[in-house]
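In this text, all values refer to a predicted model and were calculated from it rather than measured experimentally. Naming convention: chains lettered A, B, ... in sequence-line order (proteins, then strands); numbering from 1 in each chain.
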Amino acid sequence: MNALTTSFVKRLRDRDEAAWFELWQDFGPAIRFQLKKWGRGRVGAETVQDLTQDTLAELSKCIERYDPNRGARFSTWLLTIAKYKLGDEMDTRNALKRGGGVKPLSLDERIDSSSSQPRVDEIFEQRMFGAKVCSAIRRTETEVDFLHFQVWRMRVLDNYVGKDIASQLGISEPTVSRHVAKVRNHLRETIMNVVMQYSFTPEEEKEMSTFGVSKNDTSFDEAVCETYHQHQLLLENESVGD
Amino acid sequence: MVTALFTCFGTVVSLVGAVILFVYFIVPALGLIFTFIGRLFRFVWQALRDALLIPIALFVGIIKMIRAVIYVVLGRWDEVHTETTFAKLRFFEAYNRTISFCIDNPLQLFGIKPPNKTQEHAVVKQVQEFVGTKSRPKTLFSGYSITGTLPSGGSGAKLYVAKSTDSGVEVVIKHFDIGSGSQLPQIVRESKAMECAKKLGLIVEHHLDDQSFWYAMPFHNGDHLGIITNSLHAQSKKLSHDQFKTILWHEQDLLRTLKTYHDAGLWHKDVKPDNIIIHGGSAHLVDLGLITPLASAMTLTTHGTEYYRDPELVRQAMRGVKVHQINGAKFDVYGAGAVLYFMLENTFPAHGALSDFNTQSPEGLRWIVRRAMSDYDKRYNSIEEMLKDVESVLKSKNIGSVRPADLPSMHGAEVAPEIPSSTHRRLPRSTPSTGGGPFPKKQHKTNPLGLVVLVLAVFVGVALVTNKNNTDQRTESTQTVIHEIHPPDGMVLIINELHNSLANNIHKEASNKIAELGVAGWELVNNPEIEARVRILLPPDPTTSPIPSHKLNNENLAGVLLIQEGTESNPLFYFIDQNGSRPLP
């Protein structure tokens with residue numbers, strides 16, 4: 001694990017409430033979505049919420065036993081715990097029907113067993129990455145000047161042209177470009193940090209290059225815009241589903 | 001003689017035989033016959049009774065269900081509950097009687113007792129008792145007669161619409177009853193909030209006894225903002241100038257109300273569309289259950305409603321920050337921004353400050369929403385500042401053309417918050433913010449005196465900027481120094497040696513510094529018992545000597561924050577741990 005991941009894991013192990021909240025804010029929606037998908041209507045919104053909370057709480061506990069040599073991705077790790085929690089819930093519900101008393105498999109057993117390991121599909125991976133990018137945007141928003149961020153937002157996320165932004169905000173076009181560039185550079189760095197923080201494997205760390213952090217400004221802006229809007233849509237759909 | 005004896009013996013035997021026959025055969029047989037006749041009579045009676053009562057119970061049950069549906073339509077929730085309970089009882093009775101009629105009674109005719117008969121009676125009795133206690137509390141609130149009910153909120157209290165028997169004024173009564181499941185801590189919290197609301201004249205009357213607590217508030221007979229917004233958006237896909245005006249009037253009402261709260265040193269804490277009632281063309285903020293004094297020494301709680309509650313509030317509450325250590329009014333600003341977003345988009349801001357706008361709306365209004373919902377130390381400093389922006393948009397002839405650059409807050413016309421700044425500290429953030437202004441106004445004409453003015457402006461500007469920079473540097477240097485001190489890894493005990501006779505401002509300065517350290521992440525404790533034990537352990541000159549680590553470990557402390565009086569009667573702060581003593585700036 002890299003230094004950023006290690007320090008975040010340490011915060012989780014130290015029961016740092018802020019780290020827990022960060023995890024909840026960043027990945028809660030993606031896990032909720034996956035649990036709903038697996039639940040196929042058998043688990044209600046409240047249970048999904050509880051299971052998501054349990055998943056993240058379990059993560060902070062079992063992270064102490066995490067062995068980097070086994071090479072599990074962060075997303076796989078989260079997904080496995082989520083599946084384990086959902087399995088537990090279904091076992092409890094069906095206990096009486098099946099005669100009960102059968103101890104469910106331990107988390108480690110489930111992770112080791114290839115048959116029980118959930119298939120991390122592409123959509124979930126996309127959602128996880130979307131969550132990381134949105135987390136980086138949120139962090140950038142808190143770290144840069146309000147005006148600079150709004151200019152960047154109007155330019156990149158809302159697709160305004162520089163001239164319109166300048167007219168709306170009463171500033172010059174070169175100033176718009178300057179603000180956009182400043183926030184872009186900050187966001188590039190933040191995305192790298194966030195991805196590193198939540199990367200357990202070198203493979204995950206490489207996601208940044210696939211995403212286009214090192215690409216030219218236009219490609220980077222387009223990638224951020226697309227990921228942000230996709231994630232926004234997921235949040236909206238998820239909220240409507242509740 | 002022998003014959004006589006035989007005769008006598010025969011008579012005795014016959015008599016004994018007759019007695020035995022009578023006692024053991026005839027009497028039981030007669031008993032059985034009479035019992036059967038009795039059971040037959042009872043069976044006939046029960047069958048007749050059940051045959052008559054089953055359709056009656058079903059009929060009454062159906063009537064009750066119909067009444068329940070009518071009450072659902074009328075929104076009389078407590079009546080719905082009572083009616084459905086009655087209906088349940090009647091259907092249960094019909095079921096029981098059917099079972100008796102078909103199975104139990106015929107079995108009883110042959111002397112077979114049906115199982116659980118007593119249990120069923122107990123259930124019926126229980127339900128009857130329950131229903132018996134559900135009589136309408138018409139006389140519960142002296143001086144008021146109940147005219148209706150409202151859906152209960154998250155507190156679990158019952159809400160009644162009532163009319164004053166004296167003045168005829170309609171009020172809403174919020175009623176907590178321990179017998180109905182209200183918890184004492186809830187009642188205590190609500191009574192505290194009510195005390196605050198009383199300051200604003202929002203409480204008509206209140207009453208507290210051993211079992212219950214209620215208070216009456218003015219009743220606003222109207223729909224909540226959620227319904228109004230839905231109907232606004234249902235009229236057309238694109239909001240018109242007049243619809244934007246309506247939205248802004250509601251927002252203006254909300255902001256003015258919040259301003260009165262903040263001016264009174266309170267914050268509402270649960271600003272959301274459901275808590276805003278539109279009545280007589282005005283927006284009224286209701287639900288006083290979470291009102292909190294801004295200067296409260298209580299720990300911040302996460303109460304509120306998701307999507308309308310600032311995530312920063314949750315983060316700070318999880319860190320155990322006290323209410324007076326943050327500016328609660330700023331969380332109301334966030335809520336007001338989220339409400340404006342809701343009115344413009346007809347949906348809640350699912351993505352917080354990053355929520356997208358999908359409905360066409362003026363960029364000026366979007367800017368107000370984003371500014372209100374932005375990061376804690378970047379958003380409007382006060383409700384008044386936000387109100388000025390909203391009012392400036394309202395005044396414009398064409399709302400659709402209002403640019404962010406036209407807003408007063410963008411020209412540096414910031415309104416100083418009326419809450420004393422010393423009691424509210426900025427949360428620790430790395431980058432200072434300009435808050436989006438000031439920006440130059442667009443110049444459309446060239447003034448011939450422009451050059452002269454420009455030169456003068458440069459001189460004045462340089463002077464102002466230099467002065468401002470000095471001030472900023474001063475402020476920033478204090479902030480930086482505070483943040484440079486890394487919070488110790490564990491609890492720090494406060495030992496305050498400032499004498500009571502010292503001036504108030506010195507004590508205030510000390511408590512401000514403590515609050516500042518608390519916000520910077522220091523886990524400060526103030527415990528006289530630990531203090532008594534630690535004072536014994538302190539070295540002769542604690543301001544220069546360390547405290548042995550094992551002694552600190554025994555008390556689970558990371559160090560001690562010693563506050564002493566300086567030479568100029570100002571408070572001096574020392575952090576002492578196993579490494580020695582360090583003065584704090």
Using non-hydrogen atoms only, which part of A:Arg153 is less than 4.5 Å away from chain B: side chain, backbone, both, or neither?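 When you check distances to chain B, only side chain atoms of A:Arg153 fall under 4.5 Å.
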Is A:His229 close to chain B through its backbone or its side chain, or both, or neither, when contacts mean heavy atoms under 4.5 Å?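 It is the side chain, since no backbone atom gets that close.
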With a 4.5 Å cut-off on heavy-atom pairs, point out which of B:Gly364, B:Pro311, B:Gly320, B:Gly352 contacts chain A the most. B:Pro311
Can you list every pair that meets salt bridge (charged side-chain N to carboxylate O under 4.0 Å, His left out) and has a residue in residues 156-171 of chain A, with sequence neighbours left out?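 Sorted result for residues 156-171 of chain A: A:Asp158-B:Arg370.
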Please work out which of the three classes, parallel, tilted or perpendicular, describes the rings of B:Phe348 and B:Tyr307, given edges at 30° and 60°.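 Parallel.
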Please tell me if the side chains of B:Tyr380 and B:Lys330 come closer than 4.5 Å, counting only heavy atoms from C-beta onward. no
Tell me which of these, A:Phe149, A:Tyr228, A:Tyr160, has more heavy-atom pairs under 4.5 Å with chain B than the rest. A:Tyr228
Of all residues at least two apart in sequence or in a different chain, which pass the side chain to side chain donor-acceptor pair (under 3.5 Å) check with B:Asp310? B:Arg379
